[in-house]
Number of protein chains: 2
Amino acid sequence: MGKQVTEMLKGVLEGIVLAILSGRPAHGYEITAWLRDQGFSDIAEGTIYALLIRIEQRGLVDVEKVPSEKGPPRKVYSLNAQGRAYLEEFWRTWSFLTERLEQLHERGN
Amino acid sequence: MGKQVTEMLKGVLEGIVLAILSGRPAHGYEITAWLRDQGFSDIAEGTIYALLIRIEQRGLVDVEKVPSEKGPPRKVYSLNAQGRAYLEEFWRTWSFLTERLEQLHERGN
DNA sequence: CCCATCTATTTAGTGTTGCTAGGTACCAGT
DNA sequence: ACTGGTACCTAGCAACACTAAATAGATGGG
């Protein structure tokens, strides 16, 4: 994809990851793979790990270290209460944006 | 609004302004006022002017200086062919994003 | 045994973008 | 002269995603 996606992802990627975690706990490698699967073909691995550390430091997720059979131990992240609240706020903000843009798009303004 | 909007606007605000200009030529002050009207209550004026200069340098818009009765001359921006192509690409990228997020939101994933 | 490969995470440095917080300038009304 | 509305510009900052590495454990092939 292009530079447009990269810029649009700013602020949105965080919501995406939180949304994923709201369904089930997951670790970084898993999330990256899932995103690639969903068509986010060139989200850098480093980006996800950095993002996870960020939301951890903000207290939106809890972390647990879990041994893996296939490699180094995994850091499994799960959404906590604060994260859930933040995610709700994210969806409200997102709805606001999509509504404005839909109006702009439809009336070819 | 909050920091969430600020981050989400990155990359999107540019599309919004181009979409506005696709309807009719406009100048910076006008665009800022319109955005505030639409609920983007705290988009800084400086942001819009900087953005306009950016898209001008990228060759997405044409500019014409028009005298105003009420103040300094206006710089009226209008979308050109290249800008129109870029805007279409923006809408495609935006659709991609909204589809993924809608899926995430609906299945409360 | 060594190397490639997959799993899994980390980090330093870069570019783009929106915000802060000013400033300049023109004009009308008081 | 002063205020307020119109109209634009700029320097410095913070946040975020990307680049491009490095580290490290496990497994299988040559």
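Hydrogens, waters and symmetry mates are skipped; everything else that's a heavy atom, side chains included, is used. Every chain is numbered from 1 and lettered A, B, ... according to where its sequence line falls, protein lines coming before strand lines.
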Report task. Look at all strands and tell whether A/Leu52 reaches a base, only sugar-phosphate, or nothing, counting heavy atoms closer than 4.0 Å. Result -> nothing
**Report entry** Selected nucleotide, minimal atom distance to A/Arg74 side chain, candidates D/dA17, C/dA8, C/dT17
**Finding:** C/dA8
Query raised in the report: Within the pair A/Thr47 and D/dC18, is there a side-chain N or O less than 4.0 Å away from OP1 or OP2?
Result: yes
Report task. Hey, which sits more toward the 5' end of DNA chain D by its nearest nucleotide, A/Ala50 or B/Lys70? Result -> B/Lys70
Query raised in the report: Taking the side chain of B/Leu13 as heavy atoms from C-beta outward, which of C/dG18, D/dC8, D/dC16 is closest to it?
Result: C/dG18
Query raised in the report: Can you find a side chain N or O atom of B/Arg58 that sits less than 4.0 Å from OP1 or OP2 on C/dT17?
Result: yes
Report task. Determine the contact category for B/Glu30: base if any of its heavy atoms lies under 4.0 Å from a base atom, sugar-phosphate if only primed atoms, P, OP1 or OP2 are that close, otherwise nothing. Result -> nothing
Query - DNA chain D: 5'-proximal contact among A/Ile48 and A/Glu69 (nearest heavy atom) - result: A/Ile48
Requested in this report: Name the nucleic acid region contacted by B/Gly46, choosing base, sugar-phosphate or nothing; use a 4.0 angstrom heavy-atom cut-off, strictly under.
Outcome: base
**Report entry** Minimum-distance nucleotide to A/Ser68 side chain [options: D/dC18, C/dG18, C/dT7]
**Finding:** C/dT7
Query raised in the report: Where the side chain of A/Tyr49 is concerned, which of D/dT10, C/dT9, D/dA17 is the nearest nucleotide?
Result: C/dT9
Query raised in the report: In whole angstroms, how far is the P atom of D/dA17 from the CD atom of B/Glu7?
Result: 8 Å
